[in-house]
Undergrad: 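Take this structure, written in C-alpha cells, and hold onto it; I'll ask about it next.
Along the sequence shown, residues carry numbers from 1.
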Amino acid sequence: MLEKMIRMQTAKQEKQLERWQKEHDAANPFPDDVSLTENVEYISDGKTYHRMDIYTQKGNTKHMPVLVNLHGGGLLLGKKEVNRLYCADMCRRGFTVFCVEYPLVPDNDIFSILRDITAAVNFVDEIASEYGGDPSRLYMCGDSAGAYLCVYLSAIQNNNDIAAAAGISPIIPQIRALGLISGMFYTCRNDKIGMFLPKMIYGKGWKNTPFYKYTDPDDPSVASSLPPCFLVTANGDFLRQYSRDFANALEKCGVTHVLLDIDGNEKLPHAFAAMLPEKAESQRANAVMAAFLLEI
C-alpha cells in the first residue's frame with residue numbers, strides 16, 4: 001500500500017517537474033558558447049536511464065577537468081535534463097561536464113543504482129579525451145539525492161570495507177573532490193525521509209545487512225573516506241540542517257571542506273544552485289564551488 005501511494009505521488013511530482021522545466025527553459029535560453037551532446041549510452045541496453053549528456057566549451061582546444069553531475073529527486077524521480085542549465089554554467093566555469101541519468105527506486109535498490117553510476121563514471125574515464133576532458137582531473141557534484149550518491153560512491157572508492165558491504169567495485173578514476181548541493185545525506189533519520197525511504201532503497205531486512213552500519217554518513221568509516229567537499233545550502237532549503245550536520249561530521253573527521261550557507265533575507269528553494277543557476281545567489285555559489293574544485 002505504501003509503495004502504491006508513493007508511486008502515485010511520484011507520478012504527480014514528475015508531471016509538475018516537467019511543466020516547471022519547460023517554463024524555466026523557455027525563460028532561460030541555453031548558452032550559445034556551450035555544445036551539448038545528448039543521450040550518449042554508457043551501458044548499451046537501450047534503457048533511457050543508462051544515458052548521459054555531455055557539455056563542452058565551443059572552440060576550446062585544451063583538455064579540461066572533468067565534472068560528473070548527478071541530478072536530485074529523492075532517488076524517486078528527477079532526470080538529467082533538469083540540470084542542463086546548471087551543467088552548462090559549470091562547463092563555462094572550466095569543466096567538461098558529463099550529466100548522468102540513473103535508475104530510480106522502488107524499481108531498483110541503492111546498490112544497483114550505485115553500480116550503474118560506477119559504470120557511467122568508468123565510461124567517462126574511457127571517452128573523456130574525445131570531448132576535450134582530462135579524466136585524471138575528475139570531480140563529482142550532485143544536488144539533493146545526487147549529493148548523497150556522490151558521497152557513497154566516493155566512500156566506496158576509498159574504503160574497501162564499505163565497498164565489500166555494498167558489493168560494489170570502486171570507480172576506476174580517482175574522484176578528486178565533491179560538490180554537494182542541498183545534500184539529502186541522511187536517509188535513516190526519524191523524519192519524513194527516514195520514515196519511508198530505508199526499506200525502499202536498502203531492501204527488506206536492511207538492518208541485518210553488512211551495509212547497515214554505513215547507512216549513517218556521519219559514521220567515521222564513511223565521512224573520513226571522502227575527498228575534499230564543497231557544500232551549499234541556504235535559508236529556505238528544507239534540508240538545510242542536513243548540510244550543516246554533515247559539515248560538522250566532516251570537521252570531526254578532519255576532512256577538507258567548505259560549507260557555503262547563504263543566510264539572506266530571501267528564502268532560496270531546495271537545490272537552488274542546480275535548478276536555478278541564473279539567480280545571483282546561484283551564480284555566486286557555483287563560482288565559489290568551481291574555484292574550490294579546481295584548486296584540488
Side-chain angles (χ1 to χ4, degrees), residues 28 30-37 52-72 80 82-100 121 124-125 128-129 131-144 146-151 153-154 173-183 226-234 237 243 246-247 250 255-262 264 268-296:
N28 297 276
F30 192 83
D32 293 334
D33 55 350
V34 176
S35 293
L36 171 58
T37 304
M52 63 175 65
D53 293 342
I54 305 171
Y55 298 76
T56 58
Q57 293 182 6
K58 289 183 178 178
N60 177 59
T61 58
K62 300 179 181 179
H63 277 76
M64 310 295 287
V66 169
L67 182 64
V68 177
N69 175 250
L70 303 177
H71 67 76
K80 56 183 171 57
V82 173
N83 284 10
R84 63 194 298 269
L85 294 177
Y86 168 74
C87 290
D89 185 54
M90 294 303 284
C91 177
R92 300 173 84 187
R93 297 184 189 280
F95 299 91
T96 298
V97 181
F98 296 80
C99 187
V100 175
V121 180
V124 168
D125 186 41
S129 61
Y131 294 90
D134 177 3
S136 70
R137 293 182 291 165
L138 185 139
Y139 308 86
M140 293 193 71
C141 67
D143 59 288
S144 195
Y148 160 91
L149 292 168
C150 288
V151 164
L153 288 163
S154 293
Q174 189 64 39
I175 302 167
R176 298 182 65 159
L178 301 178
L180 307 170
I181 301 169
S182 299
L226 300 182
C229 297
F230 186 92
L231 298 85
V232 181
T233 188
D237 179 3
S243 290
F246 193 55
L250 296 173
V255 176
T256 300
H257 68 284
V258 168
L259 171 62
L260 177 60
D261 188 350
I262 300 175
L268 296 169
H270 180 62
F272 67 96
M275 298 189 71
L276 300 171
E278 71 279 2
K279 291 186 69 67
E281 297 87 350
S282 302
Q283 287 289 298
R284 173 193 168 198
N286 294 344
V288 179
M289 177 187 288
F292 174 88
L293 296 176
L294 290 171
E295 288 180 358
I296 305 298

Undergrad: Which pair of non-hydrogen atoms, one from Pro277 and one from Asn286, has the smallest distance, and what is that distance?
TA: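 Heavy atoms of Pro277 and Asn286 come nearest at CB-ND2, 4.1 Å.
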Undergrad: On a heavy-atom basis, which atom in Pro135 and which in Asp125 lie closest, and how many Å separate them?
TA: CB-OD1, 3.2 Å
Undergrad: Is the backbone of Phe272 close enough, under 3.5 Å, to the side chain of Ser282 for a donor and an acceptor to pair up by distance?
TA: yes
Undergrad: Show, in sequence, the C-alpha distance, side-chain angles and deciding distance for Val100 and Val68, and conclude whether the side-chain contact (heavy atoms from CB on, under 4.5 Å) test is met.
TA: CA-CA 7 Å; Val100 175; Val68 177; 3.8 Å; yes
Undergrad: Of all the heavy-atom pairs spanning His71 and Lys80, show the shortest one and how long it is.
TA: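 Of all heavy-atom pairs spanning His71 and Lys80, the closest is CD2-N, 3.5 Å.
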Undergrad: Which pair of non-hydrogen atoms, one from Leu180 and one from Met289, has the smallest distance, and what is that distance?
TA: N-CE, 4.1 Å
Undergrad: How many angstroms lie between atom CG of Leu226 and atom CZ of Phe246, to the nearest 0.5 angstrom?
TA: 5.0 Å
Undergrad: Rounded at 0.5 Å granularity, tell me how far CE in Met90 sits from CG in Leu67.
TA: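 If we round to the nearest 0.5 Å, Met90:CE and Leu67:CG are 5.5 Å apart.
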Undergrad: Do Glu281 and Ile262 touch side chain to side chain, with heavy atoms closer than 4.5 Å?
TA: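 Of all side-chain heavy-atom pairs linking Ile262 with Glu281, at least one is under 4.5 Å.
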Undergrad: Might you work through the side-chain contact (heavy atoms from CB on, under 4.5 Å) test for Asp237 and Leu268, ending with a clear yes or no?
TA: CA-CA 6 Å; Asp237 179 3; Leu268 296 169; over 6 Å; no
Undergrad: Roughly how far, to the nearest 0.5 Å, is the OH atom of Tyr86 from the CD1 atom of Ile181?
TA: 3.5 Å
Undergrad: Are the side chains of Ser144 and His270 in touch, meaning some heavy atoms are under 4.5 Å apart?
TA: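 Contact flag for Ser144/His270 side chains = yes.
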Undergrad: Are Leu250 and Leu231 side-chain neighbours, meaning at least one heavy-atom pair lies under 4.5 Å?
TA: yes
Undergrad: Rounded to the nearest 0.5 Å, how far apart are CG of Leu36 and SG of Cys91?
TA: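 The CG atom of Leu36 sits 9.5 Å away from the SG atom of Cys91.
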Undergrad: Taking the side chain as every heavy atom from C-beta outward, state whether Leu259 and Ser243 have any pair of such atoms under 4.5 Å apart.
TA: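 When only atoms from C-beta onward are counted, Ser243 and Leu259 do touch, with a gap below 4.5 Å.
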Undergrad: For a side chain to side chain contact (heavy atoms under 4.5 Å, CB included) with Leu178, tell me which candidate from Pro228, Cys141, Pro227 qualifies.
TA: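 It is Pro227, the one option of Pro228, Cys141, Pro227 that forms the side chain to side chain contact (heavy atoms under 4.5 Å, CB included) with Leu178.
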Undergrad: Does the plane of the ring in Tyr131 sit parallel, tilted or perpendicular to the ring in Phe98? Use 30° and 60° as the thresholds.
TA: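 Aromatic pair Tyr131/Phe98 classed perpendicular.
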Undergrad: I want to check something: taking the side chain as every heavy atom from C-beta on, are Phe30 and Tyr55 in contact at a cut-off of under 4.5 Å?
TA: yes
Undergrad: Should the ring pair Phe95 and Tyr139 be called parallel, tilted or perpendicular, given that the plane angle runs from 0 to 90° and is split at 30 and 60?
TA: perpendicular
Undergrad: Taking all atoms of both residues into account, what is the closest heavy-atom pair of Met140 and Val121, and its distance?
TA: CE-CG2, 4.2 Å
Undergrad: For atom NZ of Lys62, decide whether the heavy atoms of other residues, nucleotides or ligands shown that lie under 6.0 angstrom number more than 12.
TA: no
Undergrad: Could you tell me whether the side chain of Arg93 reaches within less than 4.5 Å of the side chain of Gln283, counting heavy atoms only?
TA: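 Heavy-atom side-chain distance check passes, below 4.5 Å.
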Undergrad: Once rounded to the nearest 0.5 Å, what's the spacing between atom SG of Cys99 and atom CG of Asn69?
TA: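 So the SG of Cys99 and the CG of Asn69 are separated by 4.5 Å.
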Undergrad: Working to the nearest 0.5 Å, report the span between CZ of Arg176 and CD1 of Ile296.
TA: 8.0 Å
Undergrad: Side-chain contact test, heavy atoms from C-beta onward, threshold under 4.5 Å: evaluate it for Leu70 versus Tyr148 and give yes or no.
TA: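 Not in contact.
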Undergrad: Looking only at heavy atoms, what is the nearest atom pair of Ser129 and His63, with distance?
TA: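 In terms of heavy atoms, the two residues are closest at O-NE2, 3.5 Å.
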